[in-house]
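One structure is given below, encoded as structure tokens.
Throughout, a chain's letter reflects where its sequence line sits, starting with A, and its residues are numbered from 1.
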There are 2 protein chains.
Amino acid sequence: MVKETQNLIKGLPHKTIERLSQYRRALLICLEKGKEYIFSHEIAEIQHITSVQVRRDLMLIGYSGTLRKGYNIKELINLIGNIIDSPGGINVAIIGMGNLGRAVSKYLTHKRQKLTIVAGFDINSKKIGNEILGIPCYAPDEMKQIVEEKKIGIAIITVPATKIPETTKRLINAGIRGVLNFTPTPVVVPDNIFLEEYDMITSLEKVAFFVKQAMIEEEENRM
Amino acid sequence: MVKETQNLIKGLPHKTIERLSQYRRALLICLEKGKEYIFSHEIAEIQHITSVQVRRDLMLIGYSGTLRKGYNIKELINLIGNIIDSPGGINVAIIGMGNLGRAVSKYLTHKRQKLTIVAGFDINSKKIGNEILGIPCYAPDEMKQIVEEKKIGIAIITVPATKIPETTKRLINAGIRGVLNFTPTPVVVPDNIFLEEYDMITSLEKVAFFVKQAMIEEEENRM
DNA sequence: TACCATCTGTTAAAATATTAACAGGGCAAA
DNA sequence: TTTGCCCTGTTAATATTTTAACAGATGGTA
Ligand SMILES: NC(=O)c1ccc[n+]([C@@H]2O[C@H](COP(=O)([O-])OP(=O)(O)OC[C@H]3O[C@@H](n4cnc5c(N)ncnc54)[C@H](O)[C@@H]3O)[C@@H](O)[C@H]2O)c1
Ligand SMILES: NC(=O)c1ccc[n+]([C@@H]2O[C@H](COP(=O)([O-])OP(=O)(O)OC[C@H]3O[C@@H](n4cnc5c(N)ncnc54)[C@H](O)[C@@H]3O)[C@@H](O)[C@H]2O)c1
């Protein structure tokens with residue numbers, strides 16, 4: 001990729017990155033259906049956002065559509081791939097092959113060519129040394145070695161919350177580059193490791209709050 | 001709750017709501033450890049944010065701490081509860097008791113007093129009529145009836161992506177108030193239903209993007 | 001007592017993110 | 001070929017969110 005393009009990409013807003021990932025998924029589905037071109041307002045409708053936002057995002061990545069025809073789906077998919085994906089792909093490990101870890105493994109396997117789950121880690125001796133859902137499983141102590149050997153760049157954390165400190169320590173020591181934490185306990189990593197945390201209960205409580213508010217407002221309007 | 005407080009709460013930013021949920025969880029852990037008061041900078045550190053942000057959020061909900069002592073943990077937990085929780089609680093249903101649906105069920109059960117999973121829905125005839133992880137399981141066609149009977153307010157969607165249209169239709173018809181969608185396919189619901197969508201692949205691709213960027217920058221710095 | 005360090009609460013400023021507004025181009029129908 | 005419509009691309013305006021700055025209060029300390 002040319003230097004200029006790389007400069008464009010560098011300052012991309014986090015929100016735009018998230019939306020690009022979502023655009024791509026929507027586009028892949030459209031492509032499968034045999035669609036060749038798509039309008040910004042069509043993408044917008046799928047994603048519940050405005051067409052302006054779509055056009056703005058695409059402007060930011062320097063992609064131009066064809067007037068009156070819209071955007072070439074295949075081209076756009078490739079461009080988003082150039083931005084998000086690493087050319088050689090990135091290998092991923094799941095830390096904690098419990099209920100969530102297994103569900104995630106199953107879900108992610110073969111979903112994205114450029115992201116491959118190549119290892120799981122667990123303390124359960126029945127799991128260590130065996131494959132779970134086709135993924136070889138290792139002991140946490142082997143982490144540094146396996147991460148290096150298999151060139152693992154990203155870890156998804158699904159261990160019990162109490163195991164976060166030791167798990168974090170091992171991941172840092174192993175030289176991991178990015179972490180996605182599904183545990184409700186925030187993890188602490190140095191700046192050079194990219195960290196994304198997601199907590200289901202926060203989402204659920206957010207929904208609960210707005211449902212409550214809607215009910216209160218209805219109540220008020222009735223009076 | 002007095003009208004005045006309700007007005008304060010009404011315009012609370014989405015981001016503040018999310019953080020309040022997270023503060024509460026952190027506070028509950030502190031309380032368990034026997035801590036009575038906490039400083040804004042302590043909360044901030046746990047959540048990887050700044051203490052200003054914490055104080056600002058607490059200002060928005062009208063809570064005042066004690067100078068030099070910080071915030072009373074028990075009081076704050078209760079206040080956040082008043083804001084987020086509905087007095088009578090809200091019942092929740094899981095739509096699609098597969099890998100993710102079961103993992104979520106297990107995770108959420110007994111995590112929050114005010115949010116109770118009271119039903120699961122699935123098309124698998126082996127599941128219908130039985131309990132899964134203590135949760136009674138019903139056929140999708142029974143949704144309207146069960147939602148009314150059990151006063152279910154929120155649905156968590158974990159069905160295969162292809163089943164989103166029919167599932168959405170049933171949920172709307174059943175009079176659901178809030179939806180948390182874990183499927184990668186965006187759902188379409190009327191405005192009066194609060195919708196939150198979370199997509200794991202987006203999170204993972206976001207991590208992948210920033211890991212890639214960090215590697216490119218390292219590369220550049222070496223030159 | 002006077003001073004210092006520390007923490008809260010709030011206002012002001014800055015940074016991000018979204019939306020509005022509109023110029024410009026191309027196709028199609030009249 | 002002219003008019004109108006419907007797209008894109010971009011700049012300007014607005015809204016939201018975060019951060020900075022600082023006044024005020026309290027308690028410890030010299
Ligand atoms: N289940 C869910 O849907 C869900 C949702 C959101 C968050 N979470 C969080 O994800 C985590 C896992 O949840 P779960 O339901 O899969 O629990 P689980 O008990 O089924 O799985 C945890 C797994 O981690 C393994 N483990 C324990 N210590 C370890 C260590 N030090 N290193 C590596 N592996 C270790 C255990 O052997 C087990 O297999 C929890 O922190 C939970 O809060 C779960
Ligand atoms: N597994 C994960 O970790 C994960 C992560 C993120 C998102 N997702 C998404 O969650 C969804 C479920 O994933 P999964 O791994 O649990 O799949 P799964 O196949 O294990 O579970 C799906 C369940 O839904 C049931 N079902 C099918 N049609 C239904 C209908 N019309 N009404 C009610 N139930 C119905 C099926 O019988 C099955 O039990 C998928 O859309 C997937 O994309 C999964």
Between atom [atom1] in [X] and atom [atom2] in [N], what is the gap in whole Å?
| X | N | atom1 | atom2 | result |
| --- | --- | --- | --- | --- |
| B:His14 | C:dT18 | NE2 | C1' | 14 Å |
| A:Asn72 | D:dC7 | CG | P | 17 Å |
| B:His41 | C:dA5 | NE2 | C1' | 13 Å |
| B:Leu76 | C:dT8 | CG | P | 12 Å |
| A:Lys69 | C:dA28 | NZ | C1' | 16 Å |
| B:Leu12 | D:dA15 | CG | P | 19 Å |
| A:Leu60 | D:dT10 | CG | P | 10 Å |
| A:Ile43 | D:dT8 | CD1 | C1' | 12 Å |

Remember a base hit wins even if backbone is also touched, and classify B:Thr16 as base, sugar-phosphate or nothing at under 4.0 Å, heavy atoms.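 Touches nothing.
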Under 4.0 Å between a side-chain N or O of [X] and OP1 or OP2 of [N]?
| X | N | result |
| --- | --- | --- |
| B:Ser51 | C:dC7 | no |
| B:Tyr71 | C:dG9 | yes |
| B:Arg19 | D:dT18 | yes |
| B:Thr66 | C:dC7 | no |

Selected nucleotide, minimal atom distance to [X] side chain, candidates [options]:
| X | options | value |
| --- | --- | --- |
| B:Met59 | C:dT11, C:dG26, C:dA21 | C:dT11 |
| B:Lys15 | C:dT10, D:dT17, C:dG9 | D:dT17 |
| B:Arg55 | C:dT8, C:dT19, D:dT17 | C:dT8 |
| A:Arg68 | C:dT8, C:dT6, C:dG26 | C:dG26 |
| A:Leu67 | C:dT8, C:dT6, C:dG24 | C:dG24 |
| B:Gln53 | D:dT18, C:dT8, C:dG24 | D:dT18 |

Can you tell me if [X] uses its side chain to pair, donor with acceptor, with the backbone of [Y] under 3.5 Å?
| X | Y | result |
| --- | --- | --- |
| B:Lys212 | A:Asp85 | yes |
| B:Lys114 | B:Ile90 | no |
| A:Arg24 | A:Ile77 | no |
| A:Thr183 | A:Val159 | yes |

First encountered from the 5' end of DNA chain D, between B:Asp57 and A:Ile38: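 Between the two, 5'-proximity favours A:Ile38.
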Could you check A:Ile49 against B:Leu58 and say which one's nearest nucleotide on DNA chain C is further toward the 5' end?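 Final value for this comparison: B:Leu58.
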Charged N-O contact under 4.0 Å between A:Arg25 and B:Glu205: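 No, A:Arg25 and B:Glu205 are not salt-bridged.
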Could you tell me whether A:Arg222 and A:Glu219 make a salt bridge, using a distance below 4.0 angstrom between a side-chain N and a carboxylate O?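 Looking at A:Arg222 and A:Glu219, the cut-off is met.
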Ignoring hydrogens and geometry beyond distance, is the side chain of A:Arg56 in donor-acceptor contact with the base of C:dT19 at under 3.5 Å?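 When only heavy-atom distances are counted, A:Arg56 does reach the base of C:dT19 through a donor-acceptor pair under 3.5 Å.
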